[in-house]
Amino acid sequence: MIKISPFSKKVYQLTKQVPKGKVTTYKQIAKALNTKAYQEVGQALRNNPYAPKVPCHRVIKTNGLIGGFNGKTKGKEILKKISLLKKEGVKIKENKVLNFKTILFTFS
DNA sequence: ATTATGACTTATT
DNA sequence: GAATAAGCCATAA
């Protein structure tokens, strides 16, 4: 049993709600939580205790670019997640998502 | 309580 | 449009 921060927990819940073939942004999640700790969202995903349960690869930056999980981070296995995302129908070019605004999922 | 860090964002150069 | 600096919020030590 791992211990997680209450904030991260919410982040996971929201991230789980993201449907397949869509993506969301850190800002949207933070906004859904009524906060501005965008970085906290990223940090929560970085923890990612629920690997397949939480599609962290579906969470990207606000400008449509992929997060730091593609070369900045040491682990390159995350690249696989991006590939998976592409398989789901999300077109990714280099490090950015195509039609990003179209497939963007919000927590309205 | 204080300091340091960050899978971010926005503004400025 | 790209690179740099500063800002903001929560967590960990």
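A, B, ... follow the sequence lines: proteins, then strands. Residue 1 opens every chain.
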Whole-Å distance between [N] [atom2] and [X] [atom1]?
X      : N       : atom1 : atom2 : answer
I66(A) : dT9(B)  : CD1   : P     : 12 Å
K3(A)  : dA13(C) : NZ    : C1'   : 13 Å
Q43(A) : dA4(B)  : CD    : P     : 16 Å
K61(A) : dG6(B)  : NZ    : P     : 14 Å
Y38(A) : dC8(B)  : OH    : P     : 13 Å
N34(A) : dA10(C) : CG    : P     : 11 Å
K27(A) : dG7(C)  : NZ    : C1'   : 13 Å
Y26(A) : dC9(C)  : OH    : C1'   : 16 Å

- prompt: Under 4.0 Å: is that the gap between some side-chain N or O of K36(A) and OP1 or OP2 of dC9(C)?
  reply: yes
Taking the side chain as every heavy atom from C-beta outward, state whether [X] and [Y] have any pair of such atoms under 4.5 Å apart.
X      : Y      : result
I4(A)  : Y12(A) : yes
E40(A) : S8(A)  : yes
I92(A) : L98(A) : no

task: Verify the cluster assignment for I103(A) and L65(A): are they in a single hydrophobic cluster under the rule of side-chain heavy atoms below 4.5 Å apart?
output: no
statement: Whichever of N47(A) and T35(A) has the more 5' nearest nucleotide on DNA chain C, that residue is T35(A)
message: Does anything in residues 97-108 of chain A come within less than 4.0 Å of DNA chain C? Heavy atoms only, and list the residues if so.
response: none
message: Near DNA chain C, counting only heavy atoms under 4.0 Å, which residues of residues 5-17 of chain A show up?
response: S5(A), P6(A), F7(A)
- line: One should read off an interatomic distance between K10(A) NZ and N34(A) CG, to the nearest 0.5 angstrom, of 8.5 Å
- line: NZ of K87(A) to NZ of K80(A), rounded to nearest 0.5 Å, is 10.0 Å
- request: Could you please name the option among dG6(B), dT9(B), dT10(B) that lies closest to any side-chain atom of T62(A)?
  value: dT9(B)
- request: Mind checking G42(A) for me? I need base, sugar-phosphate or nothing, with any heavy atom below 4.0 Å counting as a touch.
  value: base
statement: The answer to which of A37(A) and I60(A) contacts DNA chain B further toward the 5' end, by nearest nucleotide, is A37(A)
message: Please give me the minimum heavy-atom distance between F107(A) and L14(A), naming the atom from each residue.
response: CE2-O, 3.2 Å
field: Considering all heavy atoms, the nearest L85(A)-H57(A) contact
entry: CD2-O, 3.2 Å
Side chains of residues 16-28 of chain A: which donor-acceptor pairs under 3.5 Å do they make with residues two or more places apart or in other chains?
residue: Q17(A); atom: NE2; partner: Q13(A); partner atom: O; Å: 3.4
residue: T24(A); atom: OG1; partner: F105(A); partner atom: O; Å: 3.2
residue: T25(A); atom: OG1; partner: Q28(A); partner atom: N; Å: 3.1

